[in-house]
Protein chains: 2
Amino acid sequence: MDSKKFEKISKALSDSSRIAILEKFKKKKDDCLYCTEVHDFLDLAQPSISHHLKQLVDADLLIPEKEGRNLKYLLNQSVLDDYIKFLSALKS
Amino acid sequence: MDSKKFEKISKALSDSSRIAILEKFKKKKDDCLYCTEVHDFLDLAQPSISHHLKQLVDADLLIPEKEGRNLKYLLNQSVLDDYIKFLSALKS
DNA sequence: TAGAAATATCGAAACATTTGAATGTTTGAA
DNA sequence: TTCAAACATTCAAATGTTTCGATATTTCTA
């Protein structure tokens, strides 16, 4: 991961609504989240939620999957790992 | 680390100048960086550099230490570790 | 195929961040 | 004790982000 990518992911992680979305994955047995579910816990208008999910997808933190009219998201574990590796390298 | 703290650190990490500052620590034998050194590799006016360093200190990523007229910074390894722990917890 | 549900896009308002010129403060050196 | 060096603060311009109403698109269902 280069520093430009790291910057983009950091930006995606620097908003409370987007952090709340990512944290939802922890609380779920299955590791997928539906767009509709996000409306249930985020008190934001639909275009705002769409915007935040797009930021996370553009940063490769979420992988979108169409299911008819619905959108399902998977957490991209490997990008998280790469991001953590970049951080660890800062320490050495 | 709570999510508010995580958000603040992510914001501090989401700027190319600040990432460049943090990356400088890697390239140094000793693990401290002087404010003056930052002027040498960042093409920014002095107040901008002061602003970026303040962001990193406010996020607890850097620990400032006065040395006469100069300012020395240490990388806060334990905050980086806590930040990484928060990220790892997202994966589970 | 008409209508409704789920999501995306556009455009504008509100707000936050970045940047640097001007200026202030602190401290070491002459 | 003056002067210069190092850093901080203030303020304003430029730019970027967040938010939502309005509207468009896609797809399911009756």
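Chain letters run A, B, ... following the sequence lines, proteins first, then strands; residues in each count from 1.
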ask   = Which pairs with one or both residues in residues 45-54 of chain B pass salt bridge (charged side-chain N to carboxylate O under 4.0 Å, His left out), sequence neighbours excluded?
value = B:Lys54-B:Asp58

key: Whichever hydrophobic residues join A:Ile63 through chains of side-chain contacts under 4.5 Å   = A:Leu74

ask   = What pairs of residues pass the ring-ring contact (aromatic ring centres under 6.0 Å, His included) test when at least one of them lies in residues 61-92 of chain B, not counting sequence neighbours?
value = B:Phe6-B:Tyr83, B:Phe6-B:Phe86

ask   = Do B:Phe41 and B:Leu75 belong together in a cluster built from hydrophobic side chains that touch within less than 4.5 Å?
value = yes

request  = Only counting residues at least two apart or in another chain, list the ones meeting side chain to side chain donor-acceptor pair (under 3.5 Å) with A:Asn70.
outcome  = none

task = Could you name each residue pair satisfying salt bridge (charged side-chain N to carboxylate O under 4.0 Å, His left out) that touches residues 81-92 of chain A, not counting sequence neighbours?
result = A:Asp81-B:Lys91, A:Asp82-A:Lys85, A:Lys91-B:Asp81

inquiry  = Heavy atoms only, 4.0 Å cut-off, all strands: where does A:Leu44 land among base, sugar-phosphate and nothing?
reply    = sugar-phosphate

request  = Please work out which residues in residues 12-20 of chain B have a non-hydrogen atom less than 4.0 Å from an atom of DNA chain D and list them by number.
outcome  = none

Under 4.0 angstrom between A:Ser48 side-chain N/O and D:dC20 OP1 or OP2 = yes

note = The complete set of salt bridge (charged side-chain N to carboxylate O under 4.0 Å, His left out) pairs with one or both residues in residues 34-48 of chain B, sequence neighbours excluded, reads B:Lys28-B:Glu37

inquiry  = So if I take residues 34-43 of chain B and measure heavy-atom distances to DNA chain C, which residues fall below 4.0 Å?
reply    = none

Side chain to side chain donor-acceptor pair (under 3.5 Å) partners for B:Lys11, two or more places apart = none

ask   = Looking at residues at least two apart in the chain, or sitting in another chain, which of them share a side chain to side chain contact (heavy atoms under 4.5 Å, CB included) with B:Asp2?
value = B:Lys4, B:Lys5

For atom NZ of B:Lys11 and atom C1' of D:dT17, their distance in whole Å = 9 Å

message = Contact list please: residues 50-67 of chain A against DNA chain D, heavy atoms, distance less than 4.0 Å, in numerical order.
response = A:His51, A:His52, A:Gln55, A:Lys66

message = Distance under 4.0 Å to a non-hydrogen atom of chain B counts as contact; along DNA chain C, which nucleotides mark the start and end?
response = C:dT17 to C:dG28

remark   = By nearest-nucleotide position on DNA chain D, the 5'-leaning member of A:Ala45 and B:Leu71 is B:Leu71

